[in-house]
Amino acid sequence: MPNNLSKETSPYLLQHKDNPVEWYSWNDESLKKAKDENKPIFLSVGYSSCHWCHVMAHESFENDDVAKIMNENFVNIKVDREERPDLDDIYQKICQMSTGQGGWPLSVFLTPEQKPFYVGTYFPVLDSYGRPGFGSLCRQLAQAWNEKPKDVGTSAEQFMSNLTKLEKVSDGGEIEKSILDEAAVNLLQVADTNYGGFGQAPKFPNAANLSFMFRYSKLSGITKFQEFALMTLKKMAKGGIFDQIGGGFHRYSTDARWLVPHFEKMLYDNALLPPVYAEAYQITKDPFYLDVVTKTLDYIMREMTSASGLFYSAQDADTNGEEGQTFVWKKREIENILGDDSEIFCIYYDVTDGGNFEGNTILANNINISSLSFKFNKTEDEITKLLKRSSKKLLDVRSNRDQPGTDDKIITSWNSMMISAFAKGYRISGNEKYLNVAVNAAKYFSEQFSKHGFIHRTFKNDTPKLNGYLDDYSYLVNSLIDVFEITSDAYFLDIAQKITHYMIEHFWNETEKSFYFTADTHESLIVRPKNYYDLSVPSGNSVAANALLKLHHLVNDEEFLKISKQILELNGTSAAENPFAFGYLLNVMNLYLKHPTEITIINSENSEIVNSLYKKFIPEGIIIQIKDEENLKLLSKYPFFEGKEFSDKTSVTICKNFTCSLPLSELSKIEENL
């Protein structure tokens with residue numbers, strides 16, 4: 001018989017509705033039950049595509065004996081970390097503090113007042129891996145709760161004391177170029193100069209850190225930073241972490257060479273990586289990087305987009321309980337599908353009889369097309385076409401295999417990142433379909449804000465759920481600015497301002513000069529969390545600083561500039577010392593120090609000028625194209641557009657450091673002024 005989770009919409013929670021564990025979601029009812037019955041809470045946090053979450057569920061939560069112990073002694077609460085990042089943030093910090101590492105599944109034992117007294121991640125069902133078996137652990141903690149309540153209370157208070165200290169941030173200082181200098185040097189010290197990326201295995205993509213290296217290289221004139229970022233992007237895109245035939249990036253690489261991925265695909269990785277590959281294309285004009293962007297965006301459109309044009313959250317690593325089953329190949333299978341084309345394809349993608357992953361092959365590329373062209377006496381164009389048609393054939397076959405599960409909930413912040421990625425993809429490719437996707441999704445979330453007066457965290461079948469967090473607000477404002485820059489539709493700029501004012505009113509902490517993660521209308525938790533680190537996704541504070549800085553230049557609201565500056569000042573010292581955790585913030589600091597270059601394109605009919613600007617690497621640029629006179633009239637109330645006149649031919653005005661050029665109509669003059 002299904003438990004209480006059968007009423008939920010989260011795919012992760014629904015995966016556990018038939019467990020013998022009497023699961024509850026985190027709500028007033030379950031929290032009251034713990035207090036009324038004076039029972040400790042077992043809190044289990046995970047997400048739908050998490051491999052070890054599935055393992056622990058299968059071993060322990062589907063085990064009748066273990067479930068019996070859990071049901072008798074605890075109020076068991078299951079949380080989807082993507083729905084409740086606030087809870088995840090609080091208890092992950094406790095786990096990292098206590099054990100030296102965090103991760104999922106997160107397993108926390110709490111008092112009825114939600115204070116933790118024991119914490120860990122994955123526990124095997126029996127004692128192994130040097131960890132206690134989950135069943136015996138539950139017994140021991142239940143016994144301690146009943147027989148040694150004072151010890152449990154002391155442990156909980158110790159955790160709370162440490163957590164309170166952790167939430168405080170040291171004062172920063174002035175925003176200076178020296179912060180970027182120190183950060184760049186420190187970042188290069190953890191760089192893997194052989195295979196790219198930072199540190200050793202497992203390796204994560206870290207898009208913001210690579211973007212920072214591009215910016216710092218431009219700022220300093222030192223090319224090695226740019227060269228390292230380009231090398232990393234190329235190694236990743238040629239490795240198994242990138243889906244060579246289907247597009248899109250897997251979560252991380254289990255080895256230093258980017259070959260063997262953890263096969264889940266997260267929306268946020270595939271939103272954060274296209275913009276940095278787009279920057280690589282702007283810098284080098286190498287179509288290799290453009291191809292990675294379009295393949296990734298096409299994958300999102302094909303497999304991760306709902307009927308209403310919004311984006312799903314994740315795809316599992318496992319198919320039928322086996323990691324990577326959908327994505328790997330046997331050489332014989334490829335030969336049967338491709339026939340005469342298979343030899344070249346197999347050499348290019350390193351397909352061998354023995355394989356490179358448990359007897360199968362993960363497609364990866366370590367050979368140049370020019371080498372194959374010489375070896376097989378074909379032109380490079382012929383080789384490229386062969387690889388393209390072969391990839392399509394294999395993708396068609398792969399699409400008919402069993403597929404990994406998809407988490408189809410819509411998360412506002414992750415969707416907002418994806419909107420920005422599609423906007424960037426349109427800029428460098430000129431492909432209207434990418435712009436249409438971005439505009440459609442931007443309109444959806446804008447209308448939802450107008451309808452409800454606030455932002456929701458998630459949507460399922462058009463039904464909103466849970467109040468939004470700082471990330472949802474800041475990322476959405478950021479994406480609306482990105483869409484506004486291309487469309488110059490005043491609607492998006494107006495909504496962006498309204499959302500920003502709401503965010504400041506309900507999230508800003510004037511005393512500590514930073515944003516809380518939760519609004520002042522949010523339920524009261526053991527602490528009101530704050531987040532400053534740019535890790536798997538940039539922090540809401542960093543993204544808010546970026547959005548506020550850009551908005552200030554568009555609408556000249558001094559409050560926006562003041563708040564952005566205060567966030568940068570607060571975190572500057574930390575960013576210099578630990579740049580790996582502040583990649584996005586460093587990019588915002590670069591924008592602040594260089595001052596945005598304001599570029600207005602009046603009358604966009606000369607596509608050569610528009611495309612030239614879009615394909616140029618101007619990370620500090622705010623580029624707005626005005627299509628017609630009516631459009632300019634609507635925007636003239638904003639200082640950015642004041643005094644500008646529409647003309648019958650394309651002209652570009654460039655403003656920097658409070659000085660503007662005359663309208664320029666020749667590409668050479670535009671280049672000079674940039």
Side-chain angles (χ1 to χ4, degrees), residues 192-197 200-205 230-265 273 277 286-289 291-292 295-296 299 317 319 322-399 401:
D192 178 350
T193 50
N194 292 319
Y195 299 109
Q200 295 304 309
K203 268 191 185 161
F204 291 81
L230 290 171
M231 183 265 279
T232 297
L233 291 171
K234 200 150 245 189
K235 293 274 190 191
M236 275 166 44
K238 285 173 168 282
I241 191 175
F242 184 63
D243 182 348
Q244 298 295 331
I245 61 170
F249 287 85
H250 297 292
R251 180 70 196 95
Y252 61 84
S253 176
T254 61
D255 62 297
R257 294 181 300 140
W258 306 105
L259 174 63
V260 180
H262 180 45
F263 284 92
E264 67 187 318
K265 285 182 178 177
L273 284 163
Y277 276 93
D286 183 343
F288 173 86
Y289 299 108
D291 189 50
V292 175
K295 268 185 170 175
T296 303
Y299 150 70
T319 308
E322 188 180 316
E323 184 161 7
Q325 187 188 85
T326 300
F327 299 99
V328 297
W329 298 89
K330 295 275 189 202
K331 187 177 183 185
R332 189 174 302 155
E333 187 183 9
I334 291 175
E335 288 169 342
N336 290 339
I337 297 163
L338 300 183
D340 293 343
D341 290 346
S342 65
E343 186 181 4
I344 289 174
F345 184 90
C346 287
I347 293 172
Y348 186 76
Y349 283 114
D350 199 22
V351 181
T352 59
D353 290 319
N356 55 21
F357 174 69
E358 297 173 359
N360 297 300
T361 292
I362 299 165
L363 300 181
N365 164 240
N366 293 306
I367 194 165
N368 293 326
I369 283 175
S370 55
S371 307
L372 287 172
S373 169
F374 179 76
K375 178 176 168 66
F376 289 94
N377 195 25
K378 290 179 183 286
T379 65
E380 288 189 25
D381 191 44
E382 284 174 318
I383 299 286
T384 302
K385 282 178 178 167
L386 181 150
L387 293 170
K388 208 169 182 178
R389 69 170 176 263
S390 298
S391 294
K392 189 184 179 310
K393 281 181 187 173
L394 291 183
L395 184 59
D396 289 344
V397 170
R398 198 181 85 181
S399 300
R401 292 175 174 174

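Worth saying up front: this structure is predicted, and the values here are computed from it rather than measured.
At least one donor-acceptor pair under 3.5 Å links the side chain of Asn365 to the backbone N or O of Ile367. In this structure, the side chain of Asn368 does not engage the main chain of Ser370 through any donor-acceptor pair within 3.5 Å. When atom types are taken as modelled, the side chain of Glu323 and the backbone of Phe263 share a donor-acceptor pair closer than 3.5 angstrom. The backbone N or O of Ala237 lies less than 3.5 Å from a partner atom in the side chain of Gln244, making a donor-acceptor pair. Side chain of Ser342 to backbone of Leu338: no donor-acceptor contact under 3.5 angstrom is found.
At least one test fails for Lys393 against the ring of Phe345: distance under 6.0 Å to the centre or angle within 45° of the axis.
Put simply, the side chain of Ile347 reaches to within 4.5 Å of the side chain of Lys375, judged on heavy atoms. Contact annotation: the side chain of Pro261 never approaches that of Phe249 to less than 4.5 Å [non-hydrogen atoms, C-beta and beyond]. Looking only at side-chain heavy atoms (C-beta outward), Ile337 and Trp329 come within less than 4.5 Å of each other. The shortest distance between side-chain heavy atoms of Thr319 and Phe327 does not fall below 4.5 Å. When side chains are defined from C-beta on, Tyr289 counts as touching Leu230, because their heavy atoms get closer than 4.5 Å.
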Legend entry - Verdict with reasoning, Leu273 to Thr296, per side-chain contact (heavy atoms from CB on, under 4.5 Å): CA-CA 9 Å; Leu273 284 163; Thr296 303; over 6 Å; no

Inset, instruction - Evaluate the side-chain contact (heavy atoms from CB on, under 4.5 Å) criterion for residues Phe376 and Glu343: first the C-alpha distance (whole Å), next the side-chain angles of each, then the deciding distance (0.1 Å), finally the verdict. - result: CA-CA 10 Å; Phe376 289 94; Glu343 186 181 4; 3.7 Å; yes

Result block: side-chain N/O donor-acceptor pairs under 3.5 angstrom for residues 353-362, not counting sequence neighbours:
unit_1: Asn356; atom_1: OD1; unit_2: Ile362; atom_2: N; d: 2.8
unit_1: Asn356; atom_1: ND2; unit_2: Ile362; atom_2: O; d: 3.1
unit_1: Asn360; atom_1: OD1; unit_2: Lys330; atom_2: NZ; d: 3.3

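Contact record, Cys346 with Ile334: SG-CG2, 3.9 Å, taken as the closest heavy-atom pair. Here the shortest heavy-atom pairing between Met231 and Gly196 reads SD-N, 3.5 Å. The minimum heavy-atom distance between Tyr349 and Ser391, with the atom names listed, is OH-OG, 4.2 Å. When all heavy atoms of Thr232 and Gly197 are compared, the pair lying nearest together is OG1-N, 3.0 Å. The minimum heavy-atom distance linking Gly240 with Ala364 is given by the pair N-CB, 4.1 Å. For the residue pair Asp255 and Lys203, the shortest heavy atom distance occurs at O-CB, 4.3 Å.
Annotation: Asp340, atom CG; neighbour count of heavy atoms from other residues, nucleotides and ligands within 6.0 Å does not exceed 12. When the shell of 6.0 Å around OH of Tyr195 is examined, it contains 12 or fewer heavy atoms from other residues, nucleotides or ligands.
Note that the OG1 atom of Thr326 and the CZ atom of Arg398 stand 7.5 Å from one another [nearest 0.5 Å]. Atom CD1 of Ile369 is separated from atom OG1 of Thr379 by 10.5 Å, given to the nearest 0.5 angstrom. In this structure, the separation between CG on Asn377 and CG on Leu372 is 12.5 Å, given to the nearest 0.5 Å. Annotation: the span from Arg251 atom CZ to Glu264 atom CD amounts to 6.5 Å, rounded to 0.5 Å. Atom CG of residue Leu386 and atom CD1 of residue Ile344 lie 5.0 Å apart, to the nearest 0.5 angstrom.
Asp396 is linked by a salt bridge (Lys or Arg N to Asp or Glu O under 4.0 Å) to Lys392, counting only residues two or more places apart in sequence or in another chain. The salt bridge (Lys or Arg N to Asp or Glu O under 4.0 Å) check on Glu333 picks up Arg401, with sequence neighbours excluded.
Each of Lys378, Lys388, Arg389 was checked for a salt bridge (charged side-chain N to carboxylate O under 4.0 Å, His left out) with Asp341, and the lone residue meeting it is Arg389. Partner of Asp243 under the side-chain hydrogen bond (donor to acceptor under 3.5 Å, both in side chains) criterion, chosen from His250, Lys295, Lys265: Lys265.
For Phe242 and Tyr277, the ring centers are positioned 6.0 Å apart or more.
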